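Because the structure is a prediction, the values reported are computed rather than measured. All values below come from the heavy atoms of this structure, side chains included, with hydrogens, waters and symmetry mates left out.
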Amino acid sequence: MKKTLDRFIIGQSGVITAVGGDGRIRRRLFDMGVTPGAEVTLRKMAPLGDPIEVTMRGYELTLRKTEAQAVTCECSEDEERRLKENGEQKKQKRFGLFSKRDKN
């Protein structure tokens with residue numbers, strides 16, 4: 001499944017397939033090592049989605065939302081589904097929305 005980096009879920013990984021954007025943004029991304037074929041993982045995201053922190057090539061990189069929108073990645077649907085389910089379970093436990101069976 002292809003999606004842009006700004007639409008990743010925290011913890012999701014993918015492989016960069018294309019880097020778009022205008023000349024300045026594209027050149028800046030290439031200079032930082034954001035190139036096709038690199039594996040990238042979303043580590044953190046600010047509350048409003050800007051900026052985001054990714055791990056790639058062994059280092060952490062912070063990108064603005066507009067920069068992340070220019071990066072297209074190939075990611076696994078199974079991983080995304082698993083991360084969404086895990087996030088929902090954490091949310092339910094945090095807000096006390098679990099069944100009596102889960103308390104034990």
Participant: Nearest 0.5 Å please: distance from the OG1 atom of Thr41 over to the CD1 atom of Ile10.
Facilitator: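 The distance works out to 12.5 Å.
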
Participant: Ignoring hydrogens, what is the shortest heavy-atom contact between Ile25 and Glu67? Give both atom names and the distance.
Facilitator: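 Distance-wise, the nearest heavy atoms are CG2-CG, 4.2 Å.
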
Participant: Rounded to the nearest 0.5 Å, what separation is found between the CG atom of Leu63 and the CE atom of Met45?
Facilitator: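 Spacing of CG (Leu63) from CE (Met45) equals 11.0 Å.
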
Participant: Just wondering, do Met56 and Ile16 contact through their side chains at under 4.5 Å, heavy atoms?
Facilitator: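 With C-beta onward as the side chain, the pair touches.
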
Participant: Nearest 0.5 Å please: distance from the CG atom of Leu5 over to the CD atom of Gln12.
Facilitator: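 Nearest 0.5 Å value for the CG-CD distance: 9.5 Å.
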
Participant: Going from CD on Gln69 to CG on Asp6, what distance comes out if it is rounded to the nearest 0.5 angstrom?
Facilitator: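 Going from CD on Gln69 over to CG on Asp6, the span is 4.5 Å.
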
Participant: When Arg26 is tested against each of Asp31, Val71, Val19 for side-chain contact (heavy atoms from CB on, under 4.5 Å), which residue passes?
Facilitator: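 With Arg26 as partner, Asp31, Val71, Val19 yield a single side-chain contact (heavy atoms from CB on, under 4.5 Å), made by Val19.
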
Participant: Verify side chain to side chain contact (heavy atoms under 4.5 Å, CB included) between Leu61 and Val34, making sure each step is shown before the conclusion.
Facilitator: CA-CA 10 Å; Leu61 178 65; Val34 181; 3.7 Å; yes

Participant: Are Tyr59 and Phe8 connected into the same hydrophobic cluster when the rule is that any two of I, L, V, M, F, W, Y join if their side-chain heavy atoms are below 4.5 Å apart?
Facilitator: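 Shared cluster, yes.
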
Participant: Identify the residue among Thr55, Ile52, Ile9 that makes a side-chain contact (heavy atoms from CB on, under 4.5 Å) with Leu42.
Facilitator: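 So, applying the side-chain contact (heavy atoms from CB on, under 4.5 Å) to Leu42 and each of Thr55, Ile52, Ile9, only Ile52 qualifies.
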
Participant: For residues 54-63, which residue pairs pass the salt bridge (charged side-chain N to carboxylate O under 4.0 Å, His left out) check, not counting sequence neighbours?
Facilitator: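 Salt bridge (charged side-chain N to carboxylate O under 4.0 Å, His left out) check on residues 54-63 returns Arg43-Glu60.
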
Participant: Determine whether a donor-acceptor pair (N or O, by modelled atom type, separation under 3.5 Å) exists between the side chain of Thr17 and the backbone of Thr72.
Facilitator: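 Side chain of Thr17 to backbone of Thr72, a donor-acceptor pair under 3.5 Å: yes, one is there.
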
Participant: Check whether Phe30 and Val40 end up in the same hydrophobic cluster, where Ile, Leu, Val, Met, Phe, Trp and Tyr are linked by side-chain heavy atoms less than 4.5 Å apart.
Facilitator: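 Shared cluster, yes.
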
Participant: Mind checking the CD-OG1 spacing from Glu53 to Thr62? Nearest 0.5 Å is all I need.
Facilitator: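 Between Glu53 CD and Thr62 OG1, I get 5.0 Å after rounding to 0.5 Å.
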
Participant: Which heavy atom of Gly21 sits nearest to which heavy atom of Ala70, and what is that distance?
Facilitator: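 That would be N-CB, 4.0 Å.
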
Participant: How long is the gap from CD on Glu39 to SG on Cys75, to the nearest 0.5 Å?
Facilitator: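 Atom-to-atom, Glu39:CD and Cys75:SG are 11.5 Å apart.
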
